[in-house]
Amino acid sequence: MKKLLGLLLAAGALSACSQNVNFGLPDTSNSYSSSVAYNNKVDIIWVMDNSSSMKQHQSTLSQQVPLMVQKLNELKLDYHMAVITSSMGNGGDGGKFVGSKFLTNSTPSVSEALASMLVVGETGGNLERGIDSLLAVLS
């Protein structure tokens, strides 16, 4: 009886594996007419770590700014960008804007201005609180 039951289970499993299962998309498609409206307004707050040993990373990031700004402009985005640091606590400058408050797509030389603002140095304290700094600046 055990052998027969085992044989039936094995046969059932093998027959289930041999079925043709299609996991792709259907061959037919439907189209629907609709309009999509995009919001082109973007706010970006850069939270920069200004603790010791971070300057090289800040510099590397700042070198990529022209490509990012070019892409934002190509997408015709209306952007506002600001930079803050993550250093909170005694002597920390977190929770405050670095440089001018906001940069926009109409700021002259926005790429150079943002690249410069992102290199915040390594003078921050060891109490790194990026989220707390973000909450403080948005309050």
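Side chains are part of it too, since the values below use all heavy atoms of this structure and drop only hydrogens, waters and symmetry mates.
- The heavy-atom pair separating M88 from A136 by the smallest distance is CE-CB, 4.3 Å.
- Here CG of L77 is found 9.5 Å from CG of N39. Values are rounded to the nearest 0.5 Å.
- No donor-acceptor contact under 3.5 angstrom links the side chains of T85 and S87, judged on distance only.
- The minimum heavy-atom distance between D49 and M54, with the atom names listed, is O-CB, 3.4 Å.
- Counting only heavy atoms from C-beta outward, the side chains of V83 and M48 approach each other to under 4.5 Å.
- Other residues, nucleotides and ligands contribute more than 12 heavy atoms inside 6.0 Å of the CG atom of L67.
- For the atom pair CD1 (I44) and CG (L72), the distance works out to 5.0 Å, reported to the nearest 0.5 Å.
- The closest donor-acceptor contact from the side chain of S116 to the backbone of E112 lies at 3.5 Å or more, if one exists at all.
- Distance check, rounded to the nearest 0.5 Å: OG of S62 to CE of M117 gives 12.5 Å.
- Classification of the F102-H80 ring pair by plane angle, with boundaries at 30° and 60°, yields perpendicular.
- With hydrophobic clusters built from ILVMFWY side chains whose heavy atoms lie under 4.5 angstrom apart, V42 does not share a cluster with V137.
- Between the CG atom of L114 and the CE atom of M68 there is a distance of 5.5 Å, given to the nearest 0.5 Å.
- In this structure, the separation between CG on N73 and CG on D78 is 10.5 Å, given to the nearest 0.5 Å.
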> Is there a side chain to side chain contact (heavy atoms under 4.5 Å, CB included) between V65 and L118 once you walk through the steps?
Replying inline: CA-CA 9 Å; V65 166; L118 290 175; 3.4 Å; yes
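- Grouping the Ile, Leu, Val, Met, Phe, Trp and Tyr side chains by contacts below 4.5 angstrom, directly or via other members, places L134 apart from L61.
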> When you look at S51 and E128, which way does the side chain to side chain donor-acceptor pair (under 3.5 Å) test go after all the steps?
Replying inline: CA-CA 8 Å; S51 61; E128 301 168 29; 3.0 Å; yes
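- Scanning both residues, V69 and Y79, for their nearest heavy atoms gives CG1-OH, 3.6 Å.
- The closest side-chain heavy-atom distance from V98 to W46 is not below 4.5 Å.
- When side chains are defined from C-beta on, I84 does not count as touching K96, because their heavy atoms never get closer than 4.5 Å.
- Residue I45 holds its CD1 atom at 5.5 Å from CZ of F97, rounded to the nearest 0.5 Å.
- Nearest heavy-atom pair, S133 versus S86, reported as atom, atom and distance to 0.1 Å: CB-CA, 4.3 Å.
- Listed here is the closest heavy atom pair of K76 and N40: O-ND2, 3.1 Å.
- Minimum heavy-atom separation, P66 to S111: CA-OG, 3.7 Å.
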